[in-house]
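Some notes on the structure that comes next.
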Number of protein chains: 2
Amino acid sequence: MAHAGAPSSSPHVQEKRRRRRAEILHSALRAFRDKGYHATTLDDIVGRLGVRRTALYHYFPDKEAILYACHHEALAEVAGLLDEAKSRFDSPKERLGYVIREHVRVMTDTLEGSPLAFEVPALAAEHQAQIIAARDRYEQGLRDIIAQGIAQGEFRSVDPKIAVFAIMGAINWIARWYRPEGSVHAPALGAQFADHLVGGLTCE
Amino acid sequence: MAHAGAPSSSPHVQEKRRRRRAEILHSALRAFRDKGYHATTLDDIVGRLGVRRTALYHYFPDKEAILYACHHEALAEVAGLLDEAKSRFDSPKERLGYVIREHVRVMTDTLEGSPLAFEVPALAAEHQAQIIAARDRYEQGLRDIIAQGIAQGEFRSVDPKIAVFAIMGAINWIARWYRPEGSVHAPALGAQFADHLVGGLTCE
DNA sequence: TAGAAATTTTAACGCTTAGTCAGTTTTTGT
DNA sequence: ACAAAAACTGACTAAGCGTTAAAATTTCTA
């Protein structure tokens, strides 16, 4: 019941615990990136932390909860991009370009190229439903931008649903080839993706 | 040593064996689609075949060999698209559009939306090297088309490597949402993908 | 239709790995 | 310095799963 997290402890202790949790998630994220969720053992996760496997159960009830937490945090970060785009830009073209660039940044920086989106089927049914719902909201936001662009004559008259799938695919696939230490410059990547994917929707 | 396949048996027997192998691969492909390679058990694979788990070992030395065979056949099919595009069309724009449309068709028809490309890390080192090499040849072919398009002034001056990653991502991601019984019309999907992804490279 | 070949089954092994639990060490607040 | 809380450990359990060997069954061939 350690992970139940009664908020009875001091702020300092809570903060320490929060940090440790973050360390675990970060280590897990990298392990998932290298081997995928199922092939990652608990020992893989703690290998980088200098701690035994059983210590994990102090912070998470089971392995799947770690995966869920990774998803939860990652989705929270990208979900915020939609509002940010709306407040910063007016035209659908600019908004879409911004979201793509920033989403690419999350992929390369926060997630360090971890293919989290690939591991949704590994989640327990309940968690899976939550994550899929959040992802759907995000995709709906993108579809709305595109639909508005079509209505305003900025974009060609495509099926927004399919267009969003193409965009999400291109971005999620980054996990399969991007490595932080590699030669591809992350910001340039975001810029080219935005040009490529927004350009493909634009009226000539 | 059953799967060593000494070609001493009659043509009829060989043909029968070949068909059974294909059945196994097809069933495995769908299982991998639903659960991913690691989460798929041998019982999942044979569940649809009405046969015991151990019967598989007559056709494949181990589970990983089944995954490899799936990859091998799928890649062989898409590799042929490059030559076909070259012989049918002259302009890079048309060639690229053709390859994208046909690749989407392979994803929806042959693979029925199986995310094979996601499972490369699960292959044994030797097999992995082979599959990656074949995939690299394919991607290099796409890069060549794009580079030629840039040289001829049809395409904007982008990094062909990144452009190909975006295209491959969009196509491979189809596996995560497409279902044969779903509402999206497969040929229309290929057409829109081609428009979107080629259009994003085209000079305005 | 008998014998051979190919295929499938039964039964069981062995390894991996997630998860449990009781106890120990470390850290924290007073 | 001391008691309480938190963090961690080591040994163990249980289950799942890929794999193997040998026997049984079906299919093919002559």
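A, B, ... follow the sequence lines: proteins, then strands. Residue 1 opens every chain. FYI, side chains are in, hydrogens and waters are out, and symmetry mates aren't considered; it's all heavy atoms of this structure. Remember, it's a predicted structure, so these values are computed and weren't measured experimentally.
Between Y178(B) and W173(B), the ring centre distance reaches or exceeds 6.0 Å.
Taken to the nearest 0.5 Å, the CD atom of E84(B) stands 10.5 Å off from the CG atom of L82(B).
For residues 128-148 of chain B, the set of pairs meeting the ring-ring contact (aromatic ring centres under 6.0 Å, His included) definition, not counting sequence neighbours, comprises H103(B)-Y138(B).
Closest heavy-atom contact between Y98(A) and L81(A): CE2-O, 3.9 Å. The two residues D62(B) and Y57(B) have their closest heavy-atom pair at CA-CE2, 4.1 Å.
Checked by atom type and distance alone, the side chain of R143(B) never pairs as donor or acceptor with a backbone atom of P160(B) at under 3.5 Å.
The CG atom of L56(B) sits 14 Å away from the P atom of dT7(C) (whole-angstrom rounding). The interatomic distance linking K63(B) (NZ) with dT19(D) (C1') rounds to 12 Å, in whole Å. Whole-Å rounding puts the L67(A) CG to dA18(C) P distance at 13 Å. Spacing between atom CZ of R17(A) and atom C1' of dT26(C) amounts to 16 Å, rounded to whole angstrom units. The separation between I45(A) atom CD1 and dG19(C) atom P is 10 Å, rounded to whole Å. For the pair R20(A) CZ and dT26(C) P, the computed distance is 15 Å after rounding to whole Å. Rounded to an integer number of Å, the gap from F60(B) CZ to dT7(C) P is 13 Å. Atom P of nucleotide dT7(C) and atom CZ of R18(B) are separated by 13 Å, given to the nearest angstrom.
Between Y59(A) and the phosphate of dC8(D), there is a side-chain N or O to OP1/OP2 separation shorter than 4.0 Å. For dT10(C), the OP1/OP2 oxygens have a side-chain nitrogen or oxygen of R52(B) closer than 4.0 Å. The side chain of R53(A) places no N or O atom within less than 4.0 Å of a non-bridging phosphate oxygen (OP1 or OP2) of dA18(C). For H58(A), no side-chain nitrogen or oxygen approaches OP1 or OP2 of dC8(D) to under 4.0 Å.
The stretch residues 28-44 of chain B touches DNA chain D through T40(B), T41(B), L42(B), each having a heavy atom within less than 4.0 Å of the strand.
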Enumerate all atom pairs, one protein N or O and one N or O from nucleotides 21-28 of chain D, separated by less than 3.5 Å.
unit_1	atom_1	unit_2	atom_2	d
dT27(D)	O3'	K16(B)	NZ	3.2

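The aromatic rings of F165(A) and W177(B) lie parallel to each other, with less than 30° between the two planes, well short of the 60° mark.
Between Q140(A) and D136(A), the side chains place no donor N or O within less than 3.5 Å of an acceptor N or O (distance only, hydrogens not considered). Side-chain contact check for H26(A) and E112(A): at least one donor-acceptor pair (N or O, by modelled atom type) lies under 3.5 Å.
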